[in-house]
Amino acid sequence: MFVRARLAYGHTLVDEDLLMPAPRLRFCPAPSGSLHVGNARAALYNWLHARQTGGTFVLRIEDTDADRVSEESYQGVLDALTFLGLDWDEGPGRVEPHGPYRQSERTALYTAVADALLKAGHAYGAYETPEELAEQRRAAQEANLPPGYAGGHRDLTDAQRAAFRSEGRQPVIRLRTPDEGTVAFDDAVRGPVEFAWKDISDFVILRADGSATYFLANAIDDLAMGITLIARGEDLLSATPRQLLLYDLLTRDGLIDGALDGAAFPARPKGATQPERFAHLPLLVGADRKPLSKRHGSVAVDEFRRQGFLPEVLINFLALCGWSYDATTERFTVDELVEKFSFERVGKNPSFFDTDKLRALNGDRIKELSDTELAERLQPYLAGEGLIAQPPAPRHQRLLVGLAALLRERIQTLAEAAPLVAFCFRDEVAYDDKAVAKHLGAATAPEVLDAAEASLSALGEWTGEAILAALDAVAGSLGIGRGKAFQPVRVAVAGTAVSPPLPETLALLDRDLVLARIRAAKELGAR
RNA sequence: GGUCCCGUCGUCUAGUGGCCUAGGACGCCGCCCUCUCAAGGCGGUAACGCCGGUUCAAAUCCGGUCGGGACUACCA
């Protein structure tokens with residue numbers, strides 16, 4: 001932010017070395033399904049840090065694996081991020097100074113880099129078939145040996161290569177990894193991390209069909225886009241050494257810049273070096289402690305949206321999945337998160353995605369909304385049930401605002417509103433058999449309904465208070481309690497034994513409608 | 001099997017040697033309130049995986065052990 005501000009004013013040049021450069025972070029989903037809450041959390045943490053530091057948040061689409069990605073899920077990922085309010089500075093639909101930002105459009109670059117790596121002797125073609133590799137893995141497992149690639153085709157002669165080719169084999173390109181020594185890096189959540197090279201076997205950077213793997217494409221693009229801090233799931237922790245090796249090889253002799261230039265892609269940001277900070281986030285798990293997946297129920301952002309969770313609540317909750325601020329604070333606005341978030345306070349243990357807790361937070365947030373805000377947020381959900389049009393008719397709009405006040409304490413998600421108040425919008429009442437039998441079939445029900453009809457039709461003003469007084473008078477004159485008096489009326493009007501508070505709800509409806517339903521209920525009860 | 005990581009109430013967590021007979025929140029239970037359902041108020045349940053060691057003092061440090069997880073793909 002500092003850097004930006006100074007440069008924006010365009011005053012005398014500041015010595016850039018004296019300033020912390022603004023970080024560049026990225027979120028790079030593979031569009032092979034809807035946005036998973038675990039990925040959404042990774043996106044959030046990156047976004048929070050970018051916003052906090054005045055850095056740049058880059059969205060890059062990792063669609064190198066043509067078999068698994070789809071245009072539909074690409075759109076879905078964008079929609080989910082937008083719903084959550086995680087706006088990106090660079091990427092699809094925004095500026096693309098180091099673009100394109102979809103890896104499927106960057107394949108020329110990956111091939112160019114792989115070629116250069118091959119020429120420099122850092123990589124080599126390996127001709128084993130997937131079946132042969134599987135067999136080797138199996139054998140290694142059996143012999144209790146490490147199952148990684150043993151480096152069988154590391155030093156093939158030209159003659160051997162030609163022989164494989166004449167068999168019709170297409171090679172994958174593997175990167176040569178060091179045989180000894182260690183790699184170390186500093187992780188903002190895990191502290192210093194070290195791996196031994198002997199445990200890391202030569203890995204594939206180009207598939208037999210010529211497409212780039214994650215390791216290659218991801219490393220190239222992080223370099224090409226000048227990414228400085230990488231925050232992602234812990235499952236990628238062990239991929240880090242391989243990326244570090246790639247960064248090293250690619251920046252060593254200006255290889256990356258040469259390839260960018262050769263393949264006609266934009267140059268790297270000025271002063272870009274290579275990602276230096278990492279933050280590996282604990283996994284999100286289900287109740288069985290296994291990584292969160294479909295069998296745990298809802299895991300996609302758009303499913304939670306459909307169920308009526310508020311985006312700001314999802315953000316709050318996701319932030320809390322693995323991160324805490326102090327002993328007691330757990331409600332945060334987005335702005336507060338931007339201010340308070342830090343990778344240093346991200347925990348190392350896996351986080352259970354507790355839907356009950358999410359519901360509670362959502363309910364709390366709903367209670368804070370004003371009537372009109374709540375009504376507005378409810379609209380799409382009621383419209384989705386066919387209860388109102390969108391935009392709603394003025395009559396429905398007023399009704400909805402009135403109901404919002406009654407609904408507020410009764411729903412934890414927006415989708416829960418529709419079943420509670422459907423009877424206010426529908427012409428036909430959907431009667432619940434059990435409620436009808438119990439309350440309209442009660443001994444006192446007929447006289448209650450008669451008295452209620454009479455006193456409600458005689459009522460001077462149609463307000464909640466007046467209706468309450470009228471119904472109380474009915475109960476009083478019949479010598480019964482409120483419960484016995486209110487329930488038949490409730491079932492008559494709502495069709496069910498559960499509804500928002502009766503007098504207030506009736507006051508929102510047309511008196512004629514209420515009276516008509518009471519009359520209709522008398523016949524129902526008589527049967 | 002190998003490499004790495006983790007282990008505080010049912011759950012998420014606070015905790016960096018004395019403030020801890022372990023705090024908060026969700027859940028659960030009870031009571032109050034009450035026209036149904038809620039909401040709200042009050043109260044309660046419940047945890048440092050285990051074993052050793054260091055120390056005047058350990059949830060906190062060390063060792064071991066037992067559990068759990070990630071990775072070990074021509075997925076990302």
Side-chain angles (χ1 to χ4, degrees), chain A residues 28-30 32 39 62-65 67-69 126 128-130 133-134 137 140-149 170-174 187 190 193-196 198-201 203-215 217-218 232-239 280 282-283 285 287 289-291 317 320-331 347-361 363-364 367 406-412 420 435 439 468 471-472 475 481-487 489-491 494 496-504:
Chain A
C28 37
S32 60
N39 288 124
E62 308 225 320
D63 52 354
T64 52
D65 190 353
D67 292 343
R68 326 172 112 225
V69 305
E128 294 97 337
T129 63
L133 288 172
R137 252 196 308 280
Q141 293 268 26
E142 226 157 71
N144 270 344
L145 259 34
Y149 183 69
Q170 285 297 317
V172 298
I173 306 302
R174 285 184 184 269
D187 193 291
R190 336 198 110 217
V193 180
E194 191 178 273
F195 287 94
K198 68 171 169 50
D199 296 320
I200 299 166
S201 50
F203 58 96
V204 176
I205 56 173
L206 229 50
R207 302 186 185 96
D209 67 3
S211 64
T213 62
Y214 169 77
F215 300 112
N218 189 265
R232 67 226 308 191
E234 169 198 288
D235 49 335
L236 260 6
L237 180 70
S238 57
H280 285 96
L283 258 26
V285 297
R289 319 307 304 169
K290 300 275 193 252
F317 181 68
L320 256 16
C321 284
W323 172 85
S324 67
Y325 178 65
D326 61 16
T328 54
T329 321
E330 60 171 22
R331 302 279 314 274
K348 292 198 196 75
N349 24 10
S351 195
F352 172 62
F353 191 87
D354 187 352
T355 316
D356 280 339
K357 180 83 179 188
L358 210 210
R359 293 179 60 82
L361 284 176
D364 286 346
K367 286 182 195 68
L406 308 177
L407 244 16
R408 179 155 40 229
E409 280 154 9
R410 295 179 166 72
I411 56 172
Q412 284 190 307
L420 279 176
H439 298 292
L468 176 61
L471 291 177
D472 271 343
R482 270 186 178 174
K484 283 247 181 300
F486 283 43
Q487 282 305 81
V489 179
R490 188 189 309 280
V491 175
T496 57
V498 175
S499 82
L502 193 57
E504 292 91 326

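Just so it is clear: chains get the letters A, B, ... in the order the sequence lines come, proteins before strands, and each one is counted from 1. The basis for the numbers below is simple: all heavy atoms, side chains too, and nothing from hydrogens, waters or symmetry mates. Keep in mind that what you see is a predicted model, and the values were worked out from it rather than measured.
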Q: Please check this pair: side chain of A:Arg207 against backbone of A:Val172, looking for a donor-acceptor N/O pair closer than 3.5 Å.
A: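 Checking the backbone N and O of A:Val172 against the side chain of A:Arg207, no donor-acceptor pair under 3.5 Å is found.
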Q: Take atom C1' in B:rC20 and the same atom in B:rC5, then report the distance between them in whole Å.
A: 28 Å
Q: Hey, mind stepping through A:Thr355 and A:Phe317 against side-chain contact (heavy atoms from CB on, under 4.5 Å) and telling me if it holds?
A: CA-CA 10 Å; A:Thr355 316; A:Phe317 181 68; over 6 Å; no
Q: Can you check the A:Lys348 NZ to B:rU16 C1' distance for me, whole Å?
A: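 That distance rounds to 11 Å.
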Q: Please give the distance between the P atoms of B:rU11 and B:rA47 as a whole number of Å.
A: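 Per the computed distance, 12 Å lies between those P atoms.
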Q: Look at the side chain of A:Glu504 and decide which nucleotide, out of B:rC6, B:rC35, B:rA39, has an atom nearest to it.
A: B:rC35
Q: What closest approach, in Å, do A:Pro500 and A:Leu407 show between heavy atoms, and which atom pair accounts for it?
A: CG-CD1, 4.4 Å
Q: Counting the atoms with a prime plus P, OP1 and OP2 as sugar-phosphate, which does A:Ser324 contact under 4.0 Å by heavy atoms, base, sugar-phosphate, or nothing?
A: sugar-phosphate
Q: For B:rU34, give the paired nucleotide (Watson-Crick: N1-N3 plus N6-O4 or O6-N4; G-U: N1-O2 and O6-N3; both under 3.5 Å), or none.
A: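 None - no nucleotide pairs with B:rU34, as no candidate has both distances under 3.5 Å.
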Q: Considering every strand and a 4.0 Å limit on heavy-atom distances, what is the contact class for A:Pro503: base, sugar-phosphate, or nothing?
A: base
Q: Using a cut-off of 4.0 Å on non-hydrogen atoms, how would the nucleic acid contact of A:Phe203 be classed: base, sugar-phosphate, or nothing?
A: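 Here A:Phe203 touches no strand at all.
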Q: Tell which nucleotide pairs with B:rU60, taking only Watson-Crick or G-U wobble pairs whose two distances are both under 3.5 angstrom.
A: none
Q: CZ/A:Arg331 to CG/A:Leu320 distance, rounded to the nearest 0.5 angstrom?
A: 10.5 Å
Q: At under 4.0 Å, does any side-chain N or O of A:Arg207 touch on OP1 or OP2 of B:rA76?
A: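 Indeed, a polar side-chain atom of A:Arg207 lies that close.
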Q: Nearest to the side chain of A:Phe195, which nucleotide is it out of B:rU3, B:rC26, B:rC35?
A: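 Minimum distance to the A:Phe195 side chain belongs to B:rU3.
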Q: So what does A:Ala208 hit on the nucleic acid, given a heavy-atom distance under 4.0 Å: a base, only sugar-phosphate, or nothing?
A: base
Q: How far does the P atom of B:rG23 sit from the matching atom of B:rC48, given to the nearest Å?
A: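 One P to the other, the span is 13 Å.
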Q: How many whole angstroms separate atom CZ of A:Phe486 from atom P of B:rA38?
A: 18 Å
Q: Between P on B:rG10 and CG on A:Asp354, what's the gap in Å once rounded to a whole number?
A: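 Those two atoms, CG and P, are 14 Å apart.
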Q: Choosing from B:rG24, B:rA14, B:rC75, which nucleotide comes nearest the side chain of A:Thr328?
A: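 It is B:rG24.
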Q: Specify the residue among A:Ala212 and A:Asp199 whose closest nucleotide of RNA chain B lies further upstream toward the 5′ end.
A: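 It is A:Asp199, whose closest nucleotide lies nearer the 5' terminus.
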Q: On RNA chain B, nearest-nucleotide positions of A:Ala196 versus A:Val204: which is more 5'?
A: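 First, find each residue's nearest nucleotide; the 5'-ward one identifies A:Ala196.
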Q: As a test of reading the structure: which of B:rC37, B:rC26, B:rU13 is closest to the side chain of A:Val498, going by heavy atoms?
A: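 Closest of the options to the side chain of A:Val498: B:rC37.
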Q: If you take atom types as modelled and just measure distance, does the side chain of A:Arg190 reach the base of B:rC5 with a donor-acceptor pair under 3.5 Å?
A: no
Q: Just to verify, what does A:Arg410 make a side chain to side chain donor-acceptor pair (under 3.5 Å) with, not counting sequence neighbours?
A: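 For A:Arg410 there are no side chain to side chain donor-acceptor pair (under 3.5 Å) partners, ignoring immediate neighbours.
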Q: Distance from A:Glu504 atom CD to A:Leu406 atom CG, nearest 0.5 Å?
A: 6.0 Å
Q: Out of A:Lys348, A:Glu234, A:Arg232, which one pairs with A:His280 under the side-chain hydrogen bond (donor to acceptor under 3.5 Å, both in side chains) rule?
A: A:Arg232
Q: Scan every strand shown for a Watson-Crick or G-U wobble partner of B:rA39, both distances under 3.5 Å, and answer none if you come up empty.
A: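 With both distances under 3.5 Å required, B:rA39 matches none.
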Q: Go through B:rA70, B:rC74, B:rG23 for me and flag the one nearest to the A:Leu133 side chain.
A: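 Given the options B:rA70, B:rC74, B:rG23, the side chain of A:Leu133 is closest to B:rC74.
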Q: I'd like the P distance from B:rG24 over to B:rG68, given in whole Å.
A: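 That atom pair is separated by 32 Å.
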Q: Please give the nucleotide sitting opposite B:rA73 as a Watson-Crick or G-U wobble pair, both distances under 3.5 Å, or none.
A: none
Q: Say you pick atom C1' in B:rG1 and the same atom in B:rG44; how far apart are they, in whole Å?
A: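 Going atom to atom, C1' in each nucleotide, I get 49 Å.
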Q: Taking only side-chain nitrogens and oxygens of A:Arg410, does any of them come within less than 4.0 Å of OP1 or OP2 of B:rU36?
A: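 For A:Arg410, the contact criterion (side-chain N or O under 4.0 Å from OP1 or OP2 of B:rU36) is not met.
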Q: For B:rA76, take OP1 and OP2 only and decide whether either is under 4.0 Å from a side-chain N or O of A:Thr213.
A: no
Q: Tell me the partner of B:rA14, counting only Watson-Crick (N1-N3 plus N6-O4 or O6-N4) or G-U wobble (N1-O2 and O6-N3) with both under 3.5 Å; none if nothing fits.
A: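 Result: none.
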Q: If I pick the P atom on B:rU65 and the same atom on B:rA70, what distance separates them, to the nearest angstrom?
A: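 About 23 Å, rounded to a whole number of Å.
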Q: Once you round it to whole Å, what is the distance between C1' of B:rC28 and NZ of A:Lys357?
A: 14 Å
Q: Go ahead and name the base partner of B:rG7; Watson-Crick or wobble counts if both distances stay under 3.5 Å, otherwise write none.
A: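 Across all strands, the one nucleotide that pairs with B:rG7 is B:rC66.
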Q: Remember a base hit wins even if backbone is also touched, and classify A:Gly233 as base, sugar-phosphate or nothing at under 4.0 Å, heavy atoms.
A: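 Counting heavy atoms under 4.0 Å across all strands, no contact is made by A:Gly233.
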Q: Please determine whether a side-chain nitrogen or oxygen atom of A:Thr64 lies at a distance below 4.0 Å from atom OP1 or OP2 of B:rA76.
A: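 For B:rA76, OP1 or OP2 has a side-chain N or O of A:Thr64 closer than 4.0 Å.
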Q: Let's see if you can work this out: which of B:rU34, B:rG27, B:rC75 has an atom nearest to the side-chain heavy atoms of A:Arg482?
A: B:rU34
Q: I'd like the C1' distance from B:rG49 over to B:rC6, given in whole Å.
A: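 12 Å, rounded to whole Å.
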Q: For A:Asn349 and B:rG67, what is the distance between atoms CG and P respectively, to the nearest whole Å?
A: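 Value for this atom pair: 19 Å.
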Q: Verify, without hydrogens or angle tests, whether A:Gln170 (side chain) and A:Asp209 (backbone) share a donor-acceptor contact under 3.5 angstrom.
A: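 Not a single qualifying donor-acceptor pair exists.
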Q: With the side chain of A:Arg137 defined as its heavy atoms from C-beta on, choose the nearest nucleotide among B:rC74, B:rA76, B:rA70.
A: B:rC74
Q: Using the C1' atom in both, what is the distance from B:rU45 to B:rC9, to the nearest Å?
A: 9 Å
Q: Answer with base, sugar-phosphate or nothing: what part of the nucleic acid does A:Gln170 contact at a heavy-atom distance below 4.0 Å?
A: nothing
Q: Under a 3.5 Å limit for both distances, which nucleotide forms a Watson-Crick or G-U wobble pair with B:rC28, could you say?
A: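 For B:rC28, the partner nucleotide comes out as B:rG44, under the 3.5 Å rule.
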Q: What integer distance in Å separates A:Asp235:CG from B:rC5:C1'?
A: 13 Å
Q: About how many Å separate CD of A:Glu330 and OG1 of A:Thr328, when rounded to the nearest 0.5 Å?
A: 9.0 Å
Q: Among B:rU36, B:rC75, B:rC6, which nucleotide sits nearest the side chain of A:Arg68?
A: B:rC75
Q: Rounded off to whole Å, could you give me the NZ-to-C1' distance for the A:Lys484 and B:rU36 pair?
A: 13 Å
Q: If you only use heavy atoms from C-beta on, which nucleotide in B:rC12, B:rA14, B:rG69 is closest to the side chain of A:Ser351?
A: B:rC12
Q: For A:Arg174, report the nucleic acid contact type (base, sugar-phosphate, nothing); a contact means any heavy atom under 4.0 Å.
A: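 Here A:Arg174 touches the backbone only, sparing every base.
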Q: Does A:Phe215, at its CZ atom, have more than 12 non-hydrogen atoms belonging to other residues, nucleotides or ligands within less than 6.0 Å?
A: yes
Q: By the 4.0 Å heavy-atom rule, please label A:Pro500 as base, sugar-phosphate, or nothing.
A: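 Here A:Pro500 touches the bases of the nucleic acid.
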Q: Take the protein atom CZ of A:Arg359 and the nucleotide atom P of B:rC26, then report the distance between them rounded to whole Å.
A: 14 Å
